[in-house]
Every structure is written in structure tokens, then in C-alpha cells.
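First the proteins, then the strands, lettered A, B, ... as listed; each starts at 1. Side-chain atoms are counted along with the backbone in the values below, which use heavy atoms only and exclude waters and symmetry mates.
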Amino acid sequence: MSVLSEQEIQRREALQKLRELGINPYPADEYPVTHTAAEILANFNDHEPEKFAQVSLAGRVMSKRIMGKAAFVDLKDSTGKIQVYFNRDEICPSEDKTLYNEVIKKLTDIGDFIGVKGHVFRTQMGEISIHIKEFTFLCKALRPLPVVKVDAEGNVHDAFNDPEQRYRQRYVDLVVNPHVKEIFVKRTRIIQAMREYFNSFGYLEVETPILQPIPGGAAARPFVTHHNALDIPLYLRIANELYLKRLIVGGFEGVYEFAKNFRNEGMDRTHNPEFTGMEIYIAYKDYHWMMRFTENLLEHVAKSVNEGNTQVQVGDKTIDFKAPYPRVRMYDAIKQYTGFDISGMNEEQLRGVCNQLGIEVTPEMGKGKLIDAIFGEKCEHHFVQPTFIIDYPVEMSPLCKKHRDNPALTERFELIINGKEIANAYSELNDPLDQRERFEEQFKLSQRGDDEAMFIDHDFLRALEYGMPPTAGLGIGIDRLTMMLTNQVSIQEVIFFPQMKPEQITAAPKDEDWTEVGIPEAWVPLAKEAFGNISTMRSLKPTQVHQQLNGLRKKKKLDIPALQLTEVETWFK
RNA sequence: GACUCGGUAGCUCAGCAGGUAGAGCACAACACUUUUAAUGUUGGGGUCCUGGGUUCGAGCCCCAGCCGAGUCACCA
């Protein structure tokens, strides 16, 4: 066990005292709650205090202000904070003031959960508060919570803001940083709004495999695992696209899934190894229809997280999600921002363009990747307001139907907002022979060294051979959409538990370290147990150390000679 | 993966030509009749991320490592 800090020791002592007073610090009983903090603060009216003559609520103690026989505590429940007021002589009408003097003043700490009953009133300072008649201990907290204070001007003092601690101990982050909680509430609201929208069309939410024998539907390096009973490798999915399309083959006309995907790639402020993608496939539609569907969807989502407003502040820009959004052909965008007309260029010519534009290229990059590099470096960041970039080159889009007017292009769009890709959609490729050729192209790329080129999924081809109706499909990165709608620049701020390296467990002192001080080997385990580390031991008086160790020896009935004080004193030299 | 910055009390941070470790909040004790970052007085609290090295002496200098952040590279 690690060494306890002073404050942790004090809290354990308080826990013990509560038990001695007959108070269960961890009761099992239901605590009936009649009101929330937010309800009371919103609805209390000075002219009708009788409406809140009897309230009962529960929450965590966030601050304590004690003045003689009056005490104020901020109680935080899931809806917010409310002040509660304790008066000694009302809590303890008799001579025995223990409940107030001991339990409230001394044994209740910041972080503890309590339940309170009383009536609502307004203090002389004008704050709506609860006048307590009765209170119940619900949970004793053994670790001190960081105390974040906000003054009258709204300045935050002693913010708990070290990213490492915030992500590793998200539970603490959520307790003391209300704005963090707000982001995650919005995240859920975004997903709910999308679900509502899809369901209003009658589309079906489905679940497809996360463990896949062939990781398909995207170009990315997968995580590999192994199934023991089948003795085969399985991959954590990088996308769910191919499975949803199989369901369209099976006769569903609209299916969608919010899917956790996994990609074994680098991590940074826009990439987490697991992330959430929403994909939806709708039969008998094309990408033009899907653009209208998408812009209306995002308008709906923006309004539902934003009190009906379509405008969202993102950094120093205001983004308006109001439909419709402009459609810009990819080649036109490249022409506009680079001056080059790349339509009809071959790989060689594209390399030349990249060189002239100062874009680095590698030999294994094919046509698709070259065009993508040009667009990514020279165009993408120009599109701040939501814009559909349409008609991607066929080499970039192996699962997308060829353009009805130009076989070098595909019927694909990406939605760019604030220079970033938020959505990706196609008129889905349903020609099984074409799909087979595209997979084979990908296979060649992978032989050339592109380790992200797609695998060939023969079962998926078989499904297409049975026939898939014309279908439009859309994918949206939920994490990135959430970042945008909550004005966050780091993906870690919109994922509760972002992936991090495991915490180092700091090595406890080795046995040699103890013996070096002069402690006999037989006593080392006892010294470890009693003091944890050498400096803790040395912070005590030799007499205390002497007594504690001999006490342990007696307690454990160890057959070793008792320590002499003079011997112990030498350890402190 | 490269570079830059950071890791000191429960939290936020300071620290210096290398010379026994500081502040605010939190904690403890006392005072206080409804306080608002409550206040006042007093007090306790630290393997200065880890491991080596230089030195009479290292939180500080050197080397190696760990963890995090930022920038870049990679990334449909």
C-alpha cells in the first residue's frame, strides 16, 4: 500500500470516529430525494416559501464555512450547487451538541456525500439556501478533492487543470470542473439528436461485429487479437461500412450504427485509438439526396445542443450550420487555390504539380494519395463554413460508385467545416465486378508499400453479387463533430477516458535501502509496513519508531529479539 | 518518430552563483449569532518524477530514463 498523506490519515480517523459515534459512514439505505438543487434555485419564490417547506436532497459537500454555532455547506448534486445552512441548536436541541460540534464541524469533509432535509429560505446575503433540520451521512470520502474556487468576478482560483491528472482521474475532473461535465452532456445530446432525426425517417439502429476476421471499410492499420477456440486472428473493426451494406443487401432500406472503431495509429489532439463513428446507409438514394439529408441533419443537431441557434463559436470563428451548404467540385477547389487544372493528369504529371507546389511526396503514393495531398495542403483549410467537396477521383474512393458523367471521378462528398473533414459520403458502389477491380487496385497499392490499403473481403463481394440496391451512405466522426460543437481543440476533451500510457507505479524503497540504514533484515518487513519509506520513519522520533516496531513484533508474535532504543537511534545518524 | 516546454505539499504555483524547501488555497487547533474565494490567530504537512554522475554539499549543474503538454512528421 502506498504511503498515506496527512490529510488521508485524518480522514480515516474521522471515519473511525463516525463509527464510534454509531454513524454508518457507508449506509445501504435508499435516501429519498424530493428535489434537485437546480429545481430549487429556479423555482423558489420569496412570496411563497411554503412551496419548499419540506425538501430532501442529497449530494457532495463542496465547501464548508463554519462560524460558531452556524455553518454553511455547499452541496452539489448532478444539477448544480446549493447552499445549506446548519444551526447548532436546531440540529442539536438537547444539551448534547455532538452532532453539530463533532459530526458537522469536524467529521464532515469536502467530498463527503450527505443527505439533508429542511426548508428553503433566503439568507441575509440573498442566497437561496436550505435550512437543515436533519441530515444523514451517505458516504465518507477518504481522499481530499482539489478545491476550486470562483470569486465574485468569476475568476477561478486553484483550478484543477493539469491535463494529465484531469484525464487520468476524470472522475475528479468532472466533480470540480462543471464546464467539463457540460461538454459530455452536449456530446450525448448530439448523439440523441442524430438518433431522433434518423428514427423520424424510420431508419433502423443496428449493431454489427466489432471483432472482424477482415478489417474492412476504411484504410487504416487495425488492432489484431486472437480467438482461442477458433484459433484464428481477429481484428478490431476500423469501420462498420461493409457490414451495414450487407444489411442493405438483406433488405433493410435504412440502417445506422454509432460504432466504436479502433485504429492502431498515432495519437495526437485529433486522434484517439478508439473513436466513435456514425454510419448510415439508405437504399434508393444517391449522394445528392444525402447532401440534403446531411445539411438538414447538422442544422437539427446544432440547434438541439445550442438552444435553437445554428451559429456556433469555434475558436475565433463563427460557424453557421444553417442549411443549405455550398457544393464545390474537388478539381474546382484545387484550380481555385493552386491555379492547376489537374483533371485528366496522370500520376507523373501530378508529381510534377506537387513538386511545383512544394508538397512532399513518396514513391509509394498513387494518384489518389497525390491528389489528396494537394487538396489537404492547399485547399482544405480555406473552407471554414460548412462546404461539401464533391466528386473525388476514383483512385481515392474504392467503395464509391463511379460518377454518372465521368468515370475518372466518383460520386463522393466530404463535408468540410472549419478546415476539417466532418463527414464522408458516397453513392455506394453496388457493381460487384467494379468493386472487385477496385479491391485489386488496393491490393497492388499494398504490395507497393501502402500499409493502409484495403484488404479484399470476398464475402462482401459475394453479397454484392446477390445484388444491393442503389444506396447512399454517410459517415460522421462523432468525436470531431463534438469537438466542433463544443469548441474544443483536443479530442481528449470530448472522450471521457482518452487513451494514455499506463501510470508508473513509483518504486517503493528496496530491502537493501532499509538494511543500508542499519535496520536488521528481520525488521525490514515490519518497518515497511509501519512507515512505508525511510524518510517517513526518520520524520518520527526514535522512541516512537522503537515502540511501534516492537509493538508490531508483539502483535504478530514474531520470534525475533526485541529492538533496543540505542539500536534504533543509530538508524537516524 | 523529431524538437520545445514542463513534472516541487491534497490543488495551483514560486524557488537559486549549488548552501537545512516557500506562498495561497486545502488540512488541524482555537475564536466567531446568516457566511460568499467567510475572517482572525496558531500549527502540522514534502522520497522536490526515477536512476546514475559532478561536488564538502544538488530541487537547481551533467547523463540516462519515465510521464505529460505543445509544434512538426504520419494519418481518406
Using atom CD1 of I9(A) as one end and atom C1' of G45(B) as the other, report the distance to the nearest whole Å. 10 Å
Ranking A37(B), C67(B), U35(B) by distance to the side chain of R65(A), first place goes to U35(B)
Let me know the distance between NZ of K81(A) and C1' of A37(B), rounded to the nearest Å. 11 Å
Quick one: look up who C30(B) pairs with, Watson-Crick or G-U, both distances under 3.5 Å, and put none if it's unpaired. G40(B)
If pairing requires Watson-Crick or G-U wobble contacts with both distances under 3.5 Å, which nucleotide is the partner of U4(B)? A69(B)
Using side-chain contact (heavy atoms from CB on, under 4.5 Å) as the criterion, list what pairs up with A159(A), not counting sequence neighbours. V156(A), N161(A)
Write down the distance between OH (Y85(A)) and C1' (U35(B)), rounded to a whole number of angstrom. 10 Å
Is the base of U36(B) touched by the side chain of S63(A) through a donor-acceptor pair closer than 3.5 angstrom? no
Side-chain donor/acceptor of Q83(A) to base of U35(B), under 3.5 Å: yes
Is there a Watson-Crick or G-U wobble partner for C16(B) with both distances under 3.5 Å, and which nucleotide is it? none
Distance, rounded to the nearest Å, where K105(A) contributes NZ and C30(B) contributes P: 8 Å
Atom pair distance, as rounded to whole Å: CG in D162(A) and P in U8(B): 8 Å
Is there a Watson-Crick or G-U wobble partner for C61(B) with both distances under 3.5 Å, and which nucleotide is it? G53(B)
Has K501(A) got a side-chain N or O lying under 4.0 Å from the OP1 or OP2 atom of C67(B)? yes
What's the CE-P distance between M125(A) and U36(B), to the nearest Å? 5 Å
Partner lookup for A9(B), please. Criteria are Watson-Crick or G-U wobble with both distances under 3.5 angstrom; report none if nothing qualifies. none
